[in-house]
Amino acid sequence: MHKETELKLRASRETLAALREHPLLKKRNKSGWQTRELLNQYFDTPERDLSAARVALRLRRDGEVIIQTLKCRGQSVAGLSERNEFEWQLDKVKLDLKKLDATCWPEQLAGLDKKTIKPLFTTDFTREYAEIAWGRGKSKVVIEAALDQGFVIAGKRKEAICELELELREGAPEALLELASELAASLPLMPCDISKAERGYRLLEPNSYDLSLPTTELDAEMALDDAFAALAWQLLGSSQRLAEQYRHNGHWRLLQDWVQCLSELRALVASLGQAAPRATTRELRSSLDALLEDWRPLVQAGNDDEDVRRVAPEQFSEELEDVRWGQFSLNTSRWLLARAWTAERKGRGERQGKAQLAGWLAHLLGEEGRALKLPLYTQRPEDLAEQLPRIEQLLAWLHHARQVLDAPQMDRLYGDLKKLHELAEQPLSDELLEARVEQARAVDQSRGWKHLLKG
């Protein structure tokens, strides 16, 4: 068994051609580009038990070599994935079920009848690969860069494979992001952790395919730094998967959720105060603001306009053909991995960053809630939109962390505040102003809100 650490980046054929000649790769290329054909058959049960357990089982023909591979549950964040991988060379192109014993087979599948495992789909592609090596400080880095072109084929359906895969051979995982970030500065590269195997399942059953998004568990006693990092990774990873799936099928809800992830990440960053000095978040805030400036108004318009929804997929494709999305994604991953928001803070900021989440959050929500001054907006509902950034900070934390608070009716408060936010975004009308007044009163008089304001 070995641990596979890799980064997958979706690209166009033109981008792959440019990568072959990229000065950065040429300078560090120690082996020259080599080519091989990889023919892959993936297996699962009719009930998709392996997929549910996040296990991939395949047979690969690499020239005259036949390899059986089992990839087990790992972790994947914003395109950077780590998985345990088991490989066996076989004499013939036939699955050897005896290899799948207790030394590698996941415990949760222990009761599975392996005889029900059947072939499902193929991923056949040409791989051009090279060994990229350089010194990083006092350590050596070796990365295999692979340019993959081919098809995922499931029955009569197929989807093109066109991606750069960077796999760590030696060195720190940060090096993958550093190399990818340098390449993405001039080429449109889209980090994507939807694997070739997952794309096969997506093709096989498009109507029942479930785009699972990252989740995180927070507890009351964890440090604010840890809670923010967990939520930021979750939102970034979710935005990656949503972007890929929207690119694939153009379903409007995916674009709405993509913008929501970016909005929540922006709100969380803004809420950290001295725990994240502004100088350390300036680049991230600027990148998020630029994306939201373009896409939030479009989503708001499209919610009520079918013509806007119809042309949005083409506009999103244009976004992905630019370098902006890849740069943002990779740079944010590097920023989170380095915990860069902690770099320049001093005493009070350090104390806040290390404070227990529940106590810090209760203080933040109380402080921001009092600053919101809801009674004022029952008198001046036309001005409620000026409080949208503050409401979004409250909503972001209530959405993801309200379970750590020892406070009544937090679920109801989250729903009421979300409705107030929706009203604050809508164009003014007499009917809307009345609705804002009623909703501001509903929030202000709720038990949960009153509890938070006392904090």
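Side chains are part of it too, since the values below use all heavy atoms of this structure and drop only hydrogens, waters and symmetry mates.
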field: Atom CG of Asp101: over 12 foreign heavy atoms under 6.0 Å
entry: yes
- prompt: Taking atom CG of Asp322 as the centre, does the number of heavy atoms from other residues, nucleotides or ligands within less than 6.0 Å exceed 12?
  reply: yes
- prompt: Can you tell me if Arg157 uses its side chain to pair, donor with acceptor, with the backbone of Leu203 under 3.5 Å?
  reply: yes
task: With sequence neighbours excluded, tell me which residues meet side-chain hydrogen bond (donor to acceptor under 3.5 Å, both in side chains) with Thr281.
output: Arg285
- prompt: Side chains of Arg60 and Thr69: do they bring a donor and an acceptor to under 3.5 Å?
  reply: no
message: Is it the case that over 12 heavy atoms from other parts of the model lie below 6.0 angstrom from the CZ atom of Arg324?
response: yes
task: Assess the pair His251 and Tyr246: is the distance between their ring centroids shorter than 6.0 Å?
output: no
query: Any side-chain donor-acceptor pair under 3.5 Å between Glu264 and Gln260?
result: yes
query: Heavy-atom count around Glu318 CD within 6.0 Å, excluding the residue itself: above 12?
result: yes
task: For the residue pair Leu218 and Asp226, establish whether any side-chain heavy-atom pair is separated by less than 4.5 Å.
output: no
- prompt: Using the benzene-type ring in the case of Trp, are the ring centres of Trp325 and Trp295 under 6.0 Å apart?
  reply: no
message: For the CD atom on Glu283, are there more than 12 heavy atoms of other groups (residues, nucleotides or ligands in this structure) within a distance under 6.0 Å?
response: no
ring-ring contact (aromatic ring centres under 6.0 Å, His included) pairs, two or more places apart, involving residues 104-136: Tyr42-Phe121, Phe121-Tyr201
- request: Indicate yes or no for a side-chain donor-acceptor contact from Thr45 to the backbone of Ile117 under 3.5 Å, with no hydrogens or angles considered.
  value: no
- prompt: Thr126 and Glu37: side-chain donor and acceptor closer than 3.5 Å?
  reply: yes
Asn40 side chain near Leu59 side chain, heavy-atom distance below 4.5 Å: no
task: Would you mind reporting whether Leu357 and Glu221 have side-chain heavy atoms less than 4.5 Å apart?
output: no
message: If we ignore hydrogens and angles and just use 3.5 Å, is the side chain of Trp252 paired with the main-chain N or O of Ala312 as donor and acceptor?
response: no
query: Given side chains that start at C-beta, do those of Trp233 and Leu337 come closer than 4.5 Å, heavy atoms only?
result: yes
